[in-house]
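What follows is one structure encoded as structure tokens, with my remarks underneath.
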Amino acid sequence: MSELSQNNEVKKEKKKISLSFIQPSGSITLGNYLGALTNWVTIQNSGDFNCLYAMADLHALTVRHEPADLRKQIYQGLATLLACGIDPEKSIVFLQSHVHQHAELGWILDCYTMFGELSRMTQFKDKSAKNADNINAGLFTYPALMAADILLYQTDFVPVGQDQKQHVEIARDIANRFNGIYGKTFNLPEPYITKSGARIMSLADPTKKMSKSDSNVNAIITVTDTDNEIIKKFKRAVTDSGSEVRMGEGKDGVNNLINIYSAVTGKSTEEVEREFEGKGYGDFKLACGEVVADRIRPIREKINDYMNNRDYLDQISAVGAERASIFAQRTLDKVYKKVGLVVKKHN
Ligand code: TYM
């Protein structure tokens with residue numbers, strides 16, 4: 001990278017930093033879209049932040065996968081970010097594995113992360129219950145690598161869904177511990193979670209969150225689903241024996257659909273209740289399917305276009321990785337110095 005563009009990177013640094021990643025462990029869902037990606041785009045377009053958004057491909061190795069599927073999902077994830085409105089001219093977009101500093105800081109932070117705190121992580125408990133035959137060390141130390149993702153860039157805000165709050169908090173705890181020992185090294189990040197869309201539930205079991213890795217295709221809406229598939233899945237969505245479109249206790253299915261409708265249309269939940277007064281669940285489910293299909297359609301079409309142009313995706317991620325590694329290396333050098341390692345002389 002030329003000296004001039006390095007200087008430009010430094011100048012841009014003054015703004016607050018927003019960073020978030022997504023795992024390529026399956027097709028991106030409506031939950032990921034409403035809980036995270038829409039906020040990534042809003043933050044990017046506000047112009048008030050320097051944004052870094054990436055595919056957490058190293059994290060995806062913690063569960064068994066087919067190599068060819070993973071590679072396709074990495075490309076598809078990248079295509080989805082762009083299709084949803086992440087603009088590589090405005091944000092730094094990259095693959096985690098292309099910025100080697102993540103794995104390096106991840107190892108160092110492993111040494112400042114306690115067995116007890118890792119054992120308490122909800123995601124570790126859930127995933128080890130689901131993958132009882134593969135409770136590997138990476139699954140256990142996952143939060144330290146995620147902390148490295150965040151802390152390498154002196155991140156201020158991490159836009160995530162509710163389920164990732166605990167991971168951002170442990171990143172903060174690790175940063176605090178490290179700063180306490182060596183003096184201020186890392187900025188303390190904060191999760192950025194919006195009310196609507198923060199926790200989108202499964203359509204088949206609305207007591208569980210909608211998850212990419214769900215084996216029941218009817219439980220999840222993905223950004224590659226067709227209009228018909230989306231409408232069918234909403235028609236089948238599990239509700240309850242009532243009939244009124246109202247939020248309420250014990251009405252997890254309807255609550256979830258109201259949340260989805262509200263997040264997609266921008267209407268408040270009260271407005272949604274008023275709009276469907278006197279109408280039954282059938283009408284409401286169809287309306288949900290239609291608004292979601294309308295929202296997903298242009299995204300799906302753009303994903304297809306990008307997937308037919310992998311050279312472009314390679315080019316975007318290479319430029320993004322080069323830009324990201326300037327910031328990452330600066331933090332890593334600082335950490336090397338603090339802990340007593342010898343900083344490699346850069347040319
Ligand atoms: P991942 O890939 O599981 O999810 C990506 C983002 O989508 C949000 N999300 C949801 N939001 C609302 N409702 C849902 N049902 C739902 N499901 C997922 C997640 O909260 C997340 O914001 N560990 C992370 C990836 C990661 C990361 C990072 C995130 C790695 N390094 C650094 C932020 C910063 C994960 O597995 O997200």
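Start at 1 and go down the list; that is how both ligands and their atoms are numbered. We use all heavy atoms of the structure for the numbers below, so side chains are in, but hydrogens, waters and symmetry mates are not. Since we're looking at a predicted model, the values are computed, not measured.
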Atom pairs, nitrogen or oxygen, ligand 1 to protein, under 3.5 angstrom:
unit_1   : atom_1 : unit_2 : atom_2 : d
ligand 1 : 2 (O)  : Gln23  : N      : 2.9
ligand 1 : 2 (O)  : Lys212 : NZ     : 2.6
ligand 1 : 4 (O)  : Asn32  : ND2    : 3.3
ligand 1 : 7 (O)  : Asn32  : ND2    : 3.0
ligand 1 : 11 (N) : Gly31  : O      : 3.2
ligand 1 : 13 (N) : Ile200 : N      : 2.8
ligand 1 : 15 (N) : Ile200 : O      : 2.7
ligand 1 : 15 (N) : Met210 : O      : 2.9
ligand 1 : 20 (O) : Gly161 : N      : 2.8
ligand 1 : 20 (O) : Gly161 : O      : 3.4
ligand 1 : 20 (O) : Asp163 : OD1    : 2.5
ligand 1 : 22 (O) : Gly161 : N      : 3.2
ligand 1 : 23 (N) : Tyr142 : OH     : 2.6
ligand 1 : 23 (N) : Gln164 : OE1    : 3.0
ligand 1 : 31 (N) : Asp149 : OD2    : 2.6
ligand 1 : 36 (O) : Gln23  : NE2    : 2.9
ligand 1 : 36 (O) : Tyr142 : OH     : 2.9

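- Note on Asp333 versus Lys344: no salt bridge recorded, every NZ/NE/NH1/NH2 to OD/OE distance being 4.0 Å or above.
- Arg295 and Glu290 are not joined by a salt bridge, as no carboxylate oxygen comes within less than 4.0 angstrom of a charged side-chain nitrogen.
- A cation-pi arrangement, defined by a distance under 6.0 Å to the six-membered ring centre and an angle within 45 degrees of its axis, is absent between Arg177 and Tyr112.
- Cluster partners of Leu286, by chain and number: Ile231. The rule joins Ile, Leu, Val, Met, Phe, Trp and Tyr whenever side-chain heavy atoms lie under 4.5 Å apart.
- In the model, Asn39 has a side-chain atom that pairs as donor or acceptor with a side-chain atom of Thr194 under 3.5 Å.
- The aromatic rings of Phe21 and His102 lie tilted to each other, with the angle between the two planes from 30° to 60°.
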